[in-house]
K.L.:
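Okay, here's the structure, questions in a sec.
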Amino acid sequence: MILFYFNSQSEPDTWIVVDDVTMGGRSTGSFSLTPEGHSLFKGRILLVNNRGFSSVQHRFASKQVR
């Protein structure tokens with residue numbers, strides 16, 4: 001199942017990186033598009049303070065089902 005099809009016209013700014021910094025951690029992540037239009041999510045996970053995560057989120061437009 002494809003959840004999102006990326007291409008060179010996709011807007012990476014509509015994706016939000018959430019790291020463990022919100023809970024006192026020090027991990028970092030980033031999200032971008034390659035020149036070919038592929039998504040690239042990368043980061044550095046630090047297990048300081050028993051934490052360590054980085055994720056990416058996107059809000060899809062809702063569709064009403066009839």
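Computed from a predicted structure; not experimentally measured.
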K.L.:
Go through the structure and list residues passing side-chain contact (heavy atoms from CB on, under 4.5 Å) with Glu36, not counting sequence neighbours.
P.N.:
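If we apply the side-chain contact (heavy atoms from CB on, under 4.5 Å) test to Glu36, skipping adjacent residues, the hits are Thr34, His38.
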K.L.:
Apart from Val48 itself, which Ile, Leu, Val, Met, Phe, Trp or Tyr residues share its cluster (side-chain heavy atoms under 4.5 Å, direct or through members)?
P.N.:
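When side chains under 4.5 Å apart are linked, the cluster holding Val48 also contains Leu46.
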K.L.:
Taking ILVMFWY side chains as joined if any heavy atoms are under 4.5 angstrom apart, and letting links pass through other members, which residues group with Ile45?
P.N.:
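Same cluster as Ile45: Leu47.
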K.L.:
Can you give me the closest heavy-atom contact between Ser32 and Pro12, atom names plus distance?
P.N.:
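Shortest heavy-atom contact: CA-CB, 4.3 Å.
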K.L.:
Using side chain to side chain donor-acceptor pair (under 3.5 Å) as the criterion, list what pairs up with Glu11, not counting sequence neighbours.
P.N.:
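Expected list: none.
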K.L.:
Please report the shortest heavy-atom distance between Val56 and Phe31, naming the atom on each side.
P.N.:
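Minimum heavy-atom separation between Val56 and Phe31: CG2-CD1, 3.9 Å.
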K.L.:
Heavy atoms, side chains only, cut-off 4.5 Å: are Phe41 and Ser30 in contact?
P.N.:
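No. Closest side-chain heavy atoms not under 4.5 Å.
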K.L.:
List for me each residue that meets side-chain contact (heavy atoms from CB on, under 4.5 Å) alongside Phe4, sequence neighbours excluded, and say none if there are none.
P.N.:
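Phe6, Ser10, Trp15, His58, Phe60.
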K.L.:
When you measure from the side chain of Asn7 to the backbone N and O of Gly37, does any donor-acceptor pair fall under 3.5 Å?
P.N.:
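Here the side-chain-to-backbone pair does not exist.
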K.L.:
Roughly how far apart are Gln57 CD and Thr14 OG1, rounded to 0.5 Å?
P.N.:
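If we round to the nearest 0.5 Å, Gln57:CD and Thr14:OG1 are 12.5 Å apart.
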K.L.:
Name all residues meeting the side chain to side chain donor-acceptor pair (under 3.5 Å) criterion together with Ser8; count only those two or more places apart in sequence or in a different chain, and write none if there are none.
P.N.:
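Partners of Ser8 under the side chain to side chain donor-acceptor pair (under 3.5 Å) test: none.
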K.L.:
Under the side chain to side chain donor-acceptor pair (under 3.5 Å) rule, what do Asp19 and Ser54 come out as? Steps first, then yes or no, please.
P.N.:
CA-CA 4 Å; Asp19 300 316; Ser54 185; 2.5 Å; yes
K.L.:
Is there a side-chain contact between Met23 and Phe53 in this structure, where contact means two heavy atoms from C-beta onward sitting under 4.5 Å apart?
P.N.:
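Contact flag for Met23/Phe53 side chains = yes.
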